[in-house]
Q: 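Below is the structure I would like to discuss, written out as structure tokens.
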Amino acid sequence: MAISVAVPKDLSGIKTKVALNLTKRQIICFSGAILTAGPIYFLTKNSLGTSASALLLMVVAMPFFFFAMYSKDGFPAEKILKFMIRQKFLTPGIRPYKSENLYAKLEDKERLRKEVHYLEEKARGGRKEEIS
């Protein structure tokens, strides 16, 4: 009986674990959550009560957990958030398609040529016919 181990075909999704089976990114974000949410809980426990303080702790810690765990298509949460902000607020929403009508430019050029020719003839005192 042979022992077999399944090896994933795409190794780009595998991340290096640093300690406690967590990546460096997760350790940094979880530490940030502990350093910000912990003191908030202990400072508000007496004034708000345990339940409200625990709820406040969760609300403050959630963004850190989100940034630590969420990844889509190989992009971490802050890059996705940056892409969304750039798409929604920094770039114009509607980019109309504007074509260059070369035929209209040729018509304008021909009209101007006829007008110049007419004005030259008029200045010389030659024929006086209208421009069509």
Side-chain angles (χ1 to χ4, degrees):
M1 175 185 258
I3 298 174
S4 64
V5 176
V7 177
K9 292 181 181 179
D10 184 19
L11 297 176
S12 64
I14 297 178
K15 304 204 165 98
T16 307
K17 307 295 182 182
V18 177
L20 301 172
N21 206 20
L22 296 171
T23 63
K24 181 171 69 170
R25 171 187 195 79
Q26 290 170 339
I27 290 172
I28 291 170
C29 289
F30 292 157
S31 299
I34 291 169
L35 291 175
T36 56
I40 288 176
Y41 173 76
F42 290 115
L43 291 174
T44 60
K45 183 171 63 167
N46 293 333
S47 61
L48 295 178
T50 308
S51 301
S53 294
L55 188 61
L56 186 62
L57 176 136
M58 286 188 283
V59 167
V60 170
M62 270 307 153
F64 290 98
F65 290 132
F66 176 72
F67 286 115
M69 303 302 290
Y70 187 77
S71 176
K72 183 175 182 180
D73 297 330
F75 292 110
E78 67 270 5
K79 282 196 178 185
I80 294 172
L81 194 61
K82 183 179 102 174
F83 296 153
M84 290 171 66
I85 289 171
R86 187 177 65 195
Q87 176 68 29
K88 296 288 183 189
F89 302 113
L90 301 179
T91 57
I94 298 172
R95 298 184 299 171
Y97 176 75
K98 294 180 182 176
S99 65
E100 189 175 344
N101 190 349
L102 297 176
Y103 185 72
K105 285 186 178 183
L106 289 174
E107 283 182 334
D108 287 342
K109 192 181 243 185
E110 182 63 23
R111 185 184 53 78
L112 288 173
R113 189 190 65 77
K114 284 182 180 179
E115 186 176 346
V116 167
H117 182 70
Y118 170 73
L119 291 174
E120 287 174 350
E121 288 292 325
K122 189 177 178 183
R124 277 190 240 146
R127 61 180 186 194
K128 296 180 172 114
E129 56 186 58
E130 286 292 321
I131 304 173
S132 56

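These figures come from a predicted structure and were not determined experimentally.
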Q: Under a 4.5 Å side-chain heavy-atom rule over Ile, Leu, Val, Met, Phe, Trp and Tyr, are L22 and M69 clustered together?
A: yes
Q: What's in the same ILVMFWY side-chain cluster as M62, cut-off under 4.5 Å, chained through other members?
A: none
Q: CZ/F64 to CG/L35 distance, rounded to the nearest 0.5 angstrom?
A: 8.5 Å
Q: Rounded to the nearest 0.5 Å, how far does CE of M58 lie from CD1 of I40?
A: 13.5 Å
Q: Between E107 and R111, is the closest basic N to carboxylate O distance under 4.0 Å?
A: no
Q: Taking only residues two or more places apart in sequence or in another chain, which ones pass side-chain contact (heavy atoms from CB on, under 4.5 Å) with L48?
A: T44, A52, S53, L56
Q: Not counting sequence neighbours, list each pair that qualifies as a ring-ring contact (aromatic ring centres under 6.0 Å, His included) and has a residue in residues 24-55.
A: F30-F65
Q: Show which residues join Y97 in its hydrophobic cluster (side-chain heavy-atom contacts under 4.5 Å, direct or indirect), or state none.
A: none
Q: Which atom pairs, one a donor and one an acceptor, fall under 3.5 Å between side chains of residues 77-90 and the rest of the protein, sequence neighbours left out?
A:
from, atom 1, to, atom 2, distance (Å)
E78, OE1, R25, NH2, 2.5
E78, OE2, R25, NH1, 3.3
E78, OE2, R25, NH2, 3.0

Q: Would you please name every residue forming a salt bridge (charged side-chain N to carboxylate O under 4.0 Å, His left out) with K109, sequence neighbours left out?
A: none
